[in-house]
Amino acid sequence: MLGPVILAASRSDRMRRLISAAPVTKQVVDRFIPGETVDQIVPVVEELTGKGLELTMDVVGEDITRPEQAAAARDAYLRLVDRIKDLELGERVEMSVKLSMFGQALEGGHELALANVRPVVEAAAAIGTTVTLDAEDHTTLDSMFAIHEELRKDFPQTGCVIQAYLFRTEADARRLAGNGSRVRLVKGAYKEPAEVAFQQKREIDKAYVRILRILMEGTGYPMIGSHDPRLISVAQELARRAGRKLDEYEFQMLYGIRSDEHLRLAAEGHRMRVYTAYGTDWYGYFMRRLAEKPANLRFFVRSMVSKG
């Protein structure tokens with residue numbers, strides 16, 4: 001399987017330098033990351049919302065080694081909130097954050113990440129939108145869930161992400177499904193050991209369906225993070241069985257992947273949110289997109305060969 005190899009490469013400085021230097025890389029990266037600054041991303045936001053889509057915005061970057069970098073990440077999100085406010089799109093555009101960007105891995109990182117993310121969540125709430133805490137590797141999750149619980153005391157609309165390939169996730173889903181949380185379910189995009197995670201696609205897909213059923217039958221707000229046509233159909237059927245209306249759950253897909261499907265679901269009346277990333281530190285995000293789907297890797301390789 002190429003996925004684990006690509007994920008390992010996402011942590012390699014040598015591979016980062018090699019791929020970043022390839023002339024074709026920017027062209028391919030632009031498929032998934034349509035800008036480096038908030039000003040560059042505004043036309044994308046306006047275009048997608050104009051088509052009836054909703055967005056969740058991610059300022060990419062995870063390799064934080066100093067508290068000043070974590071503060072800079074906080075400030076980047078606060079600038080994003082200001083632009084969403086200017087566009088009057090608080091009801092259509094929310095944000096996704098990785099707590100690693102807010103200093104979670106540094107000394108005293110749990111408290112530092114909470115202190116840095118809280119102003120972003122507060123600013124988002126002030127303009128009528130919210131923040132979802134992205135899931136990262138399994139070693140960070142207890143801290144993420146604790147921060148999520150703390151933030152929800154004042155901002156109950158704060159969301160979180162759970163990953164179907166982890167053994168722990170069914171229990172996490174049961175805990176979250178009954179308390180009004182906003183929960184995004186994804187398959188998982190980090191290289192995890194067999195001791196904590198399913199390794200085979202078939203097992204991961206089965207776990208995804210089990211967990212999605214828990215969320216649909218609960219009282220929270222499920223967010224289905226998948227591009228898989230079969231899982232999308234399963235989600236629609238589970239929602240129907242649970243008696244959920246179209247505005248009581250949503251689909252989420254990545255910018256640049258299955259864009260026609262985004263529009264189809266929105267046209268059918270579903271809430272369809274596009275996960276849209278921007279920023280200069282794109283490498284880790286880009287490599288995980290390649291690892292998630294063989295078609296993405298083939299697209300990249302073909303582009304390198306044709307331009308080489």
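- Between the side chain of H262 and the backbone N or O of I257, at least one donor-acceptor pair lies under 3.5 Å.
- Hydrophobic clustering, with ILVMFWY side chains joined whenever heavy atoms are under 4.5 angstrom apart, groups L246 together with L238.
- Contact record, I41 with G35: CD1-N, 4.1 Å, taken as the closest heavy-atom pair.
- Transitive grouping of hydrophobic side chains (ILVMFWY, heavy atoms separated by less than 4.5 Å) brings F155 and V93 into a common cluster.
- What you find for G243 and E248 is that their closest heavy atoms are O-OE1, 4.0 Å.
- With hydrogens and angles ignored, the 3.5 Å screen pairs no side-chain donor or acceptor of E203 with any backbone N or O of Q200.
- Annotation for P34 and V44: closest pair CB-CG2, 4.0 Å, computed over non-hydrogen atoms.
- With T219 contributing its side chain and G178 its backbone, the two residues share a donor-acceptor pair below 3.5 Å.
- To the nearest 0.5 Å, atom CZ of residue R174 and atom CD1 of residue I211 are 9.5 Å apart.
- Within the 4.5 Å cutoff, the side chain of I224 has heavy atoms near those of the M216 side chain.
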Inset, instruction - Show your working on side-chain contact (heavy atoms from CB on, under 4.5 Å) between V196 and R168 and close with a plain yes or no. - result: CA-CA 8 Å; V196 301; R168 65 172 289 170; over 6 Å; no
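- Not a single donor-acceptor pair under 3.5 Å links the side chain of R83 to the backbone N or O of V42.
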Inset, instruction - Could you give me the CA-CA distance, side-chain angles and deciding distance for R175 and F145, then say whether side-chain contact (heavy atoms from CB on, under 4.5 Å) is met? - result: CA-CA 11 Å; R175 174 175 54 83; F145 285 128; 3.6 Å; yes
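- Between L141 and M144, the closest side-chain pair of non-hydrogen atoms falls below 4.5 Å.
- Of the listed residues (T49, T129, I127), just one forms a side chain to side chain contact (heavy atoms under 4.5 Å, CB included) with L89, and that residue is T49.
- In this structure, the side chain of T130 engages the main chain of Q157 through a donor-acceptor pair within 3.5 Å.
- The two residues P222 and R244 come nearest to each other via the heavy atoms CD-NH1, 3.3 Å.
- Between P156 and R152, the closest heavy-atom pair is O-NE, 2.9 Å.
- Listed for the E122 side chain is no donor-acceptor partner under 3.5 Å among the backbone atoms of R118.
- The 12-atom threshold is not exceeded at CD of E91, counting heavy atoms of other residues, nucleotides or ligands nearer than 6.0 Å.
- If you take CD on Q252 and CZ on R271, they are separated by 9.5 Å, rounding to the nearest 0.5 Å.
- Between Y221 and V183, the closest side-chain pair of non-hydrogen atoms is not below 4.5 Å.
- Annotation: R230, atom CZ; neighbour count of heavy atoms from other residues, nucleotides and ligands within 6.0 Å is above 12.
- A distance of 9.5 Å separates CD1 in I204 from CG in L166, rounded to the nearest 0.5 Å.
- The CG atom of N116 sits 11.5 Å away from atom CD of Q104, with the distance rounded to the nearest 0.5 Å.
- Contact annotation: the side chain of H110 approaches that of I147 to within less than 4.5 Å [non-hydrogen atoms, C-beta and beyond].
- Side-chain atoms of E192 come within 3.5 Å of backbone N or O of H138 as a donor-acceptor pair.
- In the hydrophobic clustering of ILVMFWY residues, with side-chain heavy atoms under 4.5 Å counting as a link, Y255 and I84 come out together.
- Under the 4.5 Å side-chain criterion, counting only non-hydrogen atoms from C-beta, L133 is in contact with V97.
- With Y208 contributing its side chain and L185 its backbone, the two residues share a donor-acceptor pair below 3.5 Å.
- Contact of the R184 side chain with the D134 side chain is registered, since non-hydrogen atoms from C-beta on lie closer than 4.5 Å.
- In this structure, C160 and L176 have side chains that are in contact, with non-hydrogen atoms separated by less than 4.5 Å.
- Residue-environment remark: CD (E68) exceeds the threshold of 12 foreign heavy atoms within 6.0 Å.
- The 12-atom threshold is exceeded at CD of E268, counting heavy atoms of other residues, nucleotides or ligands nearer than 6.0 Å.
- For the 3.5 Å distance criterion, the side chains of D137 and T139 qualify, holding a donor opposite an acceptor.
- Between M57 and V38, the closest side-chain pair of non-hydrogen atoms is not below 4.5 Å.
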Inset, instruction - Could you please spell out the steps behind the side-chain contact (heavy atoms from CB on, under 4.5 Å) verdict for V117 and L99? - result: CA-CA 8 Å; V117 77; L99 292 176; 4.2 Å; yes
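- Shown are M253, E250, R264; of these, the side chain to side chain contact (heavy atoms under 4.5 Å, CB included) with M272 is made only by M253.
- Contact record, V131 with R182: O-NH1, 4.5 Å, taken as the closest heavy-atom pair.
- If you chain together hydrophobic residues whose side chains sit under 4.5 Å apart, Y190 and V186 never meet in one group.
- Of the residues listed (T132, T56, D58), the one engaging Y275 in a side chain to side chain donor-acceptor pair (under 3.5 Å) is D58, and it is the only one.
- To the nearest 0.5 angstrom, Y249 atom OH is 13.5 Å from L215 atom CG.
- Among residues two or more places apart in sequence or in another chain, the ring pair (Phe, Tyr, Trp, His ring centres under 6.0 Å) test is passed with F102 by Y77.
- The environment of Q236 atom CD is dense: over 12 non-hydrogen atoms of other residues, nucleotides or ligands sit within 6.0 angstrom.
- The main-chain N or O of L53 is found under 3.5 Å from a side-chain atom of R92 such that the two form a donor-acceptor pair.
- A distance-only check finds a donor-acceptor pair linking the side chain of Q163 to the backbone of E136 [under 3.5 Å].
- Under the 4.5 Å side-chain contact rule for hydrophobic residues, I214 and Y165 do not share a cluster.
- In this structure, CG in L265 is found 5.5 Å from CD1 in I232, a value given to the nearest 0.5 Å.
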